[in-house]
Amino acid sequence: MPLWPVYTGTNAPHDGIERLPPPPPWRAFDGGPLLDPPDAAADRSAVSPDRVHRAETYRATEDTVQLVNAALYLRRPLLVTGPPGTGKSSLVYAVARELRLGPVLRWNITSRSTLHDGLYSYDPLSRLYAARQQAAHQAAPQETGPEETGPEAPDETGIEHHLRLGPLGTALLPYARPRALLIDEIDKSDLDLPNDLLNVLEEGQYQIPELVRAARLTPDGAARVAADGTGEAVPVVRGQVRCRAFPFVVLTSNGEREFPPAFLRRCVTLRLRRPDDGHLADIVRAHLGEPDAYAQELIGRFLDRTGAGDLATDQLLNAIYLARTSNLDTGSLDQLAERLMPHLGQSAQSDVF
């Protein structure tokens with residue numbers, strides 16, 4: 001596999017992102033003030049054992065390495081399609097780990113997801129409650145006397161205290177290095193979301209109207225808003241957010257729907273295939289160690305069955321793991337494997353292993 005100077009697919013962390021060439025002139029961004037990327041351990045959920053394991057054990061194909069680098073060089077989102085269980089969502093964790101992009105931001109899409117959800121959230125009810133609390137605290141000295149009151153409560157009535165950036169909104173902050181963002185299962189969204197994403201991903205910026213209005217009341221127009229994941233307060237000037245380093249955005253799809261041409265032309269598209277026997281053995285080796293004779297047999301059965309319907313790689317891993325840890329006899333293991341590896345979308349009873 002030829003090694004690119006940025007993402008190599010070798011899983012060894014390095015600072016190759018600093019060797020990323022300047023963007024094409026039509027993809028250059030100048031947001032500010034410049035922010036340092038958060039440490040990888042700043043978001044506890046991003047360093048959970050399961051996510052760390054997925055990043056460390058991901059095995060990239062040559063095609064994956066080529067197209068990840070294409071997306072990084074062109075500053076374009078990467079649309080990853082493929083059957084279930086082919087590692088679509090694990091890819092972004094592997095890239096973020098190797099290139100030291102910090103904790104991965106994750107936006108799980110549902111049929112009710114909107115662009116606003118990904119950018120930021122605002123809670124007017126909590127602001128109203130804070131205003132009432134502040135008013136009650138200020139009225140207390142008149143009723144009890146100043147000597148009986150406690151320390152002055154912090155003023156949390158400002159709108160920035162009740163705003164929180166979403167995963168997409170955080171990814172587009174002006175970080176010195178690209179942030180990694182996973183927009184998972186975009187094909188679950190309603191028909192409007194891909195089109196709604198077009199302008200934000202093309203321009204690398206968005207506006208927070210609530211902060212635009214509030215900026216008129218402050219001399220510098222700056223507010224500090226909580227970022228997704230870490231909760232760190234980051235500056236937003238006059239309600240405008242514009243990236244400096246375009247984020248590494250991975251959108252995953254199971255191929256359940258078609259996307260509009262305008263959306264597709266703004267993405268680099270990676271189609272993941274079912275792994276062959278050599279790739280499957282590498283995946284098993286990464287997760288569970290060297291495959292023994294029975295594991296090799298299960299790999300063969302798994303490959304034989306993929307021609308009749310969809311199977312996910314984690315079904316194979318589950319079967320091999322239980323074969324190693326359950327101390328069952330061969331006959332029982334065969335029956336267990338049959339139940340663990342049914343074709344997806346079909347009843348287990350209709351499968352013949």
Asker: Please examine the side chains of Leu193 and Thr114, heavy atoms only from C-beta on, and report whether any two atoms are closer than 4.5 Å.
Answerer: no

Asker: Test Asp63 against Thr61 for side-chain hydrogen bond (donor to acceptor under 3.5 Å, both in side chains), laying out the working first.
Answerer: CA-CA 5 Å; Asp63 195 37; Thr61 63; 5.5 Å; no

Asker: In sequence, state the C-alpha distance, the side-chain angles, and the governing distance for Thr269 and Leu67, and then conclude on side-chain contact (heavy atoms from CB on, under 4.5 Å).
Answerer: CA-CA 8 Å; Thr269 301; Leu67 291 174; over 6 Å; no

Asker: Between Arg242 and Glu203, is there a donor-acceptor pair closer than 3.5 Å when you use the side chain of the first and the backbone of the second?
Answerer: yes

Asker: Between Asp39 and Arg100, does at least one N-O distance fall below 4.0 Å, as a salt bridge requires?
Answerer: no

Asker: Report the C-alpha distance between Arg106 and Ser89 in whole Å, list the side-chain angles of each, state the deciding distance to 0.1 Å, and finish with yes or no for side-chain hydrogen bond (donor to acceptor under 3.5 Å, both in side chains).
Answerer: CA-CA 10 Å; Arg106 182 166 184 148; Ser89 59; 4.8 Å; no

Asker: Between Arg244 and Asp30 (salt bridge meaning N to carboxylate O under 4.0 Å), is one present in this structure?
Answerer: no

Asker: If you compare all heavy atoms of Leu74 against all heavy atoms of Arg27, which two are closest, and at what distance to 0.1 Å?
Answerer: O-CG, 3.5 Å

Asker: Is there a donor-acceptor contact under 3.5 Å from the side chain of Arg51 to the main chain of Ser90?
Answerer: no

Asker: Is the backbone N or O of Thr170 less than 3.5 Å from a side-chain atom of Asp228, with the two atoms forming a donor-acceptor pair by type?
Answerer: no

Asker: Please confirm whether the backbone N or O of Arg59 pairs with a side-chain atom of His279, one donor and one acceptor, at under 3.5 Å?
Answerer: yes

Asker: Looking only at the aromatic ring of each residue, does the gap between the centers of Phe246 and Phe29 stay below 6.0 angstrom?
Answerer: yes

Asker: Run the numbers on Leu211 and Val225 for side-chain contact (heavy atoms from CB on, under 4.5 Å), then give the verdict.
Answerer: CA-CA 10 Å; Leu211 291 183; Val225 182; 3.8 Å; yes

Asker: With a 4.0 Å cut-off, would you call Arg285 and Asp282 a salt bridge?
Answerer: yes

Asker: With a 4.5 Å cut-off on side-chain heavy atoms, are Arg273 and Thr86 touching?
Answerer: no

Asker: Could you check if a side-chain atom of Leu172 sits within less than 4.5 angstrom of a side-chain atom of Gln205, using non-hydrogen atoms only?
Answerer: no

Asker: Verify side-chain contact (heavy atoms from CB on, under 4.5 Å) between Leu270 and Thr81, making sure each step is shown before the conclusion.
Answerer: CA-CA 6 Å; Leu270 168 63; Thr81 66; over 6 Å; no

Asker: Which heavy atom in Pro38 sits nearest to a heavy atom in Pro103, and how many Å separate them?
Answerer: O-CD, 3.8 Å

Asker: Can you name the closest pair of heavy atoms from Leu251 and Cys267 and give their distance?
Answerer: CD1-SG, 4.4 Å

Asker: Looking at Thr64, Val68, Leu72, which one forms a side chain to side chain contact (heavy atoms under 4.5 Å, CB included) with Leu78?
Answerer: Val68

Asker: May I ask you to decide if Ala94's main-chain N or O and Asn11's side chain share a donor-acceptor pair within less than 3.5 Å?
Answerer: no

Asker: Applying the 4.5 Å side-chain criterion to the ILVMFWY set and letting contacts propagate, would Val236 and Leu34 be lumped into a single cluster?
Answerer: no

Asker: Give a yes or no on this: more than 12 heavy atoms of other residues, nucleotides or ligands lie within 6.0 Å of atom CD of Glu258.
Answerer: no

Asker: Looking only at non-hydrogen atoms, find the nearest pair between Ala60 and Tyr7 and report the distance.
Answerer: CB-OH, 3.6 Å

Asker: Using the side-chain hydrogen bond (donor to acceptor under 3.5 Å, both in side chains) rule, take Ser253 and Asp187 through it: C-alpha gap first, then chi angles, then the decisive distance, then the call.
Answerer: CA-CA 6 Å; Ser253 167; Asp187 44 2; 3.1 Å; yes

Asker: Tell me if the OH atom of Tyr294 is crowded by more than 12 foreign heavy atoms within 6.0 Å.
Answerer: yes

Asker: Without swapping roles, check the side chain of Arg274 against the backbone of Leu311 for a donor-acceptor pair under 3.5 Å.
Answerer: no

Asker: So, applying side chain to side chain contact (heavy atoms under 4.5 Å, CB included) with Thr252, which one of Ile186, Leu182, Leu272 is it?
Answerer: Leu182

Asker: Let's go through Asn254 and Lys88 carefully: what are the C-alpha distance in whole Å and the side-chain angles of both, what is the deciding distance for side-chain hydrogen bond (donor to acceptor under 3.5 Å, both in side chains) to 0.1 Å, and is it a yes or a no?
Answerer: CA-CA 9 Å; Asn254 290 326; Lys88 296 185 294 294; 3.1 Å; yes

Asker: Are Val212 and Leu119 grouped together when hydrophobic residues (ILVMFWY) are joined by side-chain heavy atoms under 4.5 angstrom apart?
Answerer: no

Asker: Mark yes or no for whether His14, through its side chain, and Val6, through its backbone, hold a donor-acceptor pair below 3.5 Å.
Answerer: yes

Asker: Where is the tightest heavy-atom contact between Pro260 and Pro194, given as atom of each residue plus distance?
Answerer: CD-CB, 4.4 Å

Asker: Please check if the side chain of Arg75 supplies one atom and the backbone of Pro247 the other of a donor-acceptor pair under 3.5 Å.
Answerer: no

Asker: Can any side-chain N or O of Thr325 pair as donor or acceptor with the backbone N or O of Tyr321 at less than 3.5 Å?
Answerer: yes

Asker: Identify the two heavy atoms, one from Gly231 and one from Ala226, that lie closest to each other, and give their separation to 0.1 Å.
Answerer: O-CB, 3.9 Å

Asker: Salt bridge check: are Asp334 and Arg339 linked by an N-O gap of less than 4.0 Å?
Answerer: no

Asker: Can you list the steps and then say if Ser121 with Arg164 is a side-chain contact (heavy atoms from CB on, under 4.5 Å)?
Answerer: CA-CA 5 Å; Ser121 60; Arg164 186 179 184 90; 3.9 Å; yes

Asker: Is it true that Glu18 and Arg177 make a salt bridge, defined as a side-chain N closer than 4.0 Å to a carboxylate O?
Answerer: yes

Asker: Is the number of heavy atoms from other residues, nucleotides or ligands within 6.0 Å of CZ (Arg271) greater than 12?
Answerer: no

Asker: Are Tyr206 and Val237 linked, directly or through intermediate hydrophobic residues, by side-chain heavy-atom contacts shorter than 4.5 Å (ILVMFWY only)?
Answerer: no

